[in-house]
Amino acid sequence: MKKILTLFLLLILMVFPIGASALSGKTVTTLRIHYFRYVDDYENWNIWLWPEGMNGKDIYFDKTGNTLSKDDFGVVTTVELFGTDYYNKSRIGIIFKRGAWLEKDINFDRFIDIPLTTADGILNVYFVEGDERVGYSMNDPNGPDKSNKIKRAYFTEEDKIDFLLTTKVTKEQVKLFEDGKELAVNVNINNNKGSITLNKNLDLSKKYLIQIEFASGAKNYEVTFDGIYDSAIFEETYGYEGHDLGAIVSTNETSFRIWAPLSNHVVLNLYDNGTPADLGGSDEKTTYEMLPDEKGTWKLSLPDNLHGKYYTYSVTNGTKTNEVIDPYAKSAGINGIRGMVVDFSLVNPDDFIYGERPNNITNPTDAIIYELHIRDLTSHSSWNGPEAYRGKFLGLTVEGTKYNNVSTGLDHIKELGVTHVQLLPFFDFGVVDESRLNDPTYKKVFNWGYMPLNFNVPEGSYSTDPYDGSKRIAELKQVVNSLTENNIGLIMDVVYNHTGLSQDSNFNLILPGYFHRLTGEGNFSNGSGTGNETASERFMVRKFIIDSLCFWAQEYNLSGFRFDLMGLHDLETMNSIVQALHEINPKILIYGEPWTGGETPLSKSMAAGKENLDQLPKVGAFNDDIRDGIKGSVFTVAEKGLVQGQYNE
């Protein structure tokens, strides 16, 4: 009988894997999400929920009839976990969004930690508008705060600050401090919005703090410069023109320079490896204080060639410090978390020659371009090259592969007679977890590559060893060599119009709000349709894009660049790109999509879109009107084209 009872208990534990702590609770089968917004504007808000590492879906707030369900905290969403992909997951991702991604409450991913059990099998979690913390009880001391706060305060002119609060106040409740000293100012209030006019122009070298005396106590907020990033004074003060940003290596010295103009403290973190401890590496590091230098840059030189070392910066803005990878990093460790110091002379293949690229066309219109995804070329069983090269950079170098006596891979491309191969993005992109590439359950994960992580770093998942930042460089250069030997130029599909991350991107953590265009409410403008768009018209954004393109063209002998959503770039930037690249080689091809992926605050008169192609004499463009006229609309089935017998304009 005892044996039968024991077997019965074991069977129950197998069916309901609830762990040892289950003796004091029930397996979590229900997630109850509580959400609070200050002005009760829930109607168009919903939730994007996903099990970590899996796809997500829309979740809507509970309703009784047509009325939203509320409790003492806010609105409620009940998610049954049992029998779904959410069940038995330790973490579930969550984003609160308005409509079809019109706006996010918090502009980065958050995760709910799911315990094995709770007292009743229900996990309650609590969220407050504008507060990034997650609460696990209504009064969680580490959870979000429902008390009134300052939502935003920023300079809109050299002597004017606009601010937004969660409740209305009187002008007597508003104070402004410059480096700790209270200023005499004029305040105007309209409900929960207001403005402050200074009796002097701002000093960019000082910190400004707005203080509101709410009924629950005083709250402070460091005033940002979002509204004057485009001003002449900001560009004159912080427009850095040097070409030494990033880690620069010489025989016996490595210099580091980062542009962080409003930061009050920057530290260099030097690691022996590019793998954090939670991925099997080490977090041991040596830290060095960086020194402020010209035009908002911070600088440090160390007396050694540090090739192969990995590094990050700890950047402090106000009271918050973030560890970030250098935007100018030239390679990286696993998942692009730490940049790598690179001496290319120690990495280049023996037969790599700088400046060597095919001279196979007279005019840009002579180009015959074959578009290709690196992984696609060698993923199918018809490609029978080395298994270790399947889906990798090196797969594109293999000759002699056949299927039923038909050439595949590189040989097939050669037989087509193309002049150029356009590779979908092969800079370091997000989404794919490079630490799990050998996990059989993970091999199905696929990404086009349009979510940029590190713009100057080759993608790790295409390398035979994504843990070693040298490998991805050397193997990509072998691809360039292989194509060059066959008189084929390499074109890079580039995605400078947005970043894969928004609020938690390295650019935004270094200087919040500068690299991206924002809406009037201070949210990320979403002209790309992927959550944000870059502000190419700003001096240091334009400089980064041009610096990056010139780096790829010179370091990897690239023959052209195809611009994703080129309509989000401004005309001056695109023409400056042409000038810089054609100084390297006048036959470098430059072309792109002259449209956007959504609404943008960039003026149509400034945009590198269809209407302004006459102002881009050396930039090619896709023509979706001709495409749709021939084959029919790609979006509307009923709109047929020439091949279906519809002779329209």
Side-chain angles (χ1 to χ4, degrees), residues 229 245-246 259 325-330 336 422-430 447-459 491-502 505-508 510-511 513-518 524-556 558 560-582 584 588-598 600-602 606-609 612 616 618-622:
Y229 282 151
L245 288 164
W259 186 71
I325 187 171
D326 182 2
Y328 276 81
K330 298 177 180 69
Q422 174 191 304
L423 291 178
L424 270 68
F426 55 84
F427 51 70
D428 192 34
F429 51 79
N447 193 265
W448 289 112
Y450 290 96
M451 294 300 278
L453 189 62
N454 295 302
F455 286 92
N456 297 333
V457 176
E459 165 59 18
I491 295 171
M492 184 182 192
D493 191 342
V494 292
V495 191
Y496 293 105
N497 65 79
H498 73 277
T499 56
L501 301 172
S502 297
S505 73
N506 51 352
F507 293 101
N508 195 66
I510 292 169
L511 180 54
Y514 181 85
F515 200 80
H516 302 90
R517 296 183 187 120
L518 304 179
F524 286 84
S525 179
N526 189 18
S528 69
T530 59
N532 64 70
E533 61 184 272
T534 54
S536 62
E537 68 278 10
R538 290 183 181 147
F539 185 88
M540 291 302 289
V541 182
R542 177 180 295 143
K543 174 179 170 57
F544 175 81
I545 294 171
I546 295 172
D547 285 352
S548 177
L549 289 162
C550 289
F551 164 72
W552 283 107
Q554 291 174 306
E555 192 58 54
Y556 290 90
L558 298 190
F561 298 90
R562 176 267 191 195
F563 285 79
D564 180 68
L565 298 181
M566 188 173 70
L568 288 175
H569 295 318
D570 65 289
L571 292 165
E572 184 178 345
T573 294
M574 288 306 303
N575 284 319
S576 298
I577 286 168
V578 171
Q579 181 180 349
L581 290 176
H582 283 180
I584 296 169
I588 289 176
L589 297 173
I590 301 158
Y591 59 97
E593 298 176 307
W595 51 74
T596 70
T600 172
L602 179 66
M606 294 174 61
N612 299 321
L616 297 167
K618 295 183 179 179
V619 178
F622 290 93

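Numbers here simply count residues along the sequence, with the first being 1.
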Min side-chain heavy-atom separation N508-F515 under 4.5 Å: no
Donor-acceptor contact present, side-chain S548 to main-chain I545, <3.5 Å: no
Would R538 count as a cation-pi partner of Y514, with NZ or CZ less than 6.0 Å from the six-membered ring centre and within 45° of the ring normal? yes
Rounded to the nearest 0.5 Å, how far apart are OH of Y496 and CG of L565? 15.0 Å
In this structure, CD of E459 is separated from CG of L424 (nearest 0.5 Å) by 12.5 Å
Value for CE (M574) from CG (L616), rounded to nearest 0.5 Å, stands at 6.5 Å
Tell me the closest heavy-atom pair linking L602 and G567, and the distance in Å. CD2-O, 3.9 Å
If you measure only the distance, is there a donor-acceptor pair under 3.5 Å linking the side chains of T534 and N497? no
Please examine the side chains of S536 and L568, heavy atoms only from C-beta on, and report whether any two atoms are closer than 4.5 Å. no
Are S525 and E533 linked by a side-chain donor-acceptor pair shorter than 3.5 Å? yes
Identified ring pair (Phe, Tyr, Trp, His ring centres under 6.0 Å) partner of F426 from the options Y556, W448, W552: W552
Which heavy atom of G500 sits nearest a heavy atom of M451, and at what distance? O-CE, 3.5 Å
Could you tell me whether the side chains of Y229 and E537 share a donor-acceptor contact shorter than 3.5 Å? no
With the side chain counted from C-beta on, respond yes when Q422 and Y591 share a heavy-atom pair under 4.5 Å apart, and no when they do not. yes
Distance, nearest 0.5 Å, that separates CG of N612 from CG of L571: 5.0 Å
Non-hydrogen atoms of N506 and I325 that approach each other most closely: ND2-O, 3.3 Å
Determine, stepwise, if the pair D428 / F455 fulfils side chain to side chain contact (heavy atoms under 4.5 Å, CB included). CA-CA 6 Å; D428 192 34; F455 286 92; over 6 Å; no
Please step through side chain to side chain contact (heavy atoms under 4.5 Å, CB included) for the pair H582 and I590, ending with a clear verdict. CA-CA 10 Å; H582 283 180; I590 301 158; 3.8 Å; yes
Between atom OG1 of T596 and atom NE2 of H498, what is the distance when rounded to the nearest 0.5 Å? 13.0 Å
Do you see a donor-acceptor pair shorter than 3.5 Å between the side chains of D493 and Y450? yes
Sorted by chain and number, sequence neighbours left out, ring pair (Phe, Tyr, Trp, His ring centres under 6.0 Å) with F563 holds for none
Indicate the atoms forming the closest heavy-atom contact of C550 with A580, along with that distance. SG-CB, 3.7 Å
Value rounded to 0.5 Å, distance of CD1 in I588 from CG in L558: 8.0 Å
Can you tell if the side chain of I491 reaches within under 4.5 Å of the side chain of L423, non-hydrogen atoms only? no
Walk me through whether L511 and W259 qualify under side chain to side chain contact (heavy atoms under 4.5 Å, CB included). CA-CA 9 Å; L511 180 54; W259 186 71; 3.6 Å; yes
Side chain to side chain contact (heavy atoms under 4.5 Å, CB included), that's the test. Do N532 and N526 meet it? Break it down for me. CA-CA 4 Å; N532 64 70; N526 189 18; 5.8 Å; no
Closest non-hydrogen atoms of S505 and L501, given as atom of the first, atom of the second and distance, are CB-O, 3.4 Å
Does the plane of the ring in F507 sit parallel, tilted or perpendicular to the ring in F544? Use 30° and 60° as the thresholds. perpendicular
If we only count heavy atoms from C-beta on, is the V494 to D564 side-chain gap below 4.5 Å? no
Mind checking what makes salt bridge (Lys or Arg N to Asp or Glu O under 4.0 Å) contact with K543, not counting sequence neighbours? D547
Does the side chain of R562 come within less than 4.5 Å of P425's, by heavy atoms? no
How would you list, by chain and number, every residue that makes a ring pair (Phe, Tyr, Trp, His ring centres under 6.0 Å) with F561, sequence neighbours excluded? none
Scan side-chain atoms only and decide if R542 and T573 contain a donor-acceptor pair under the 3.5 Å cut-off. yes
With a 4.5 Å heavy-atom cut-off, do F429 and P452 have their side chains touching? no
Ring center gap for Y328 and F551 short of 6.0 angstrom: no
Heavy-atom pair with the smallest gap, counting every atom of S502 and H516: O-CE1, 4.2 Å
Taking K330 first and then E555, would you say they form a salt bridge - that is, a charged N and a carboxylate O separated by under 4.0 Å? no
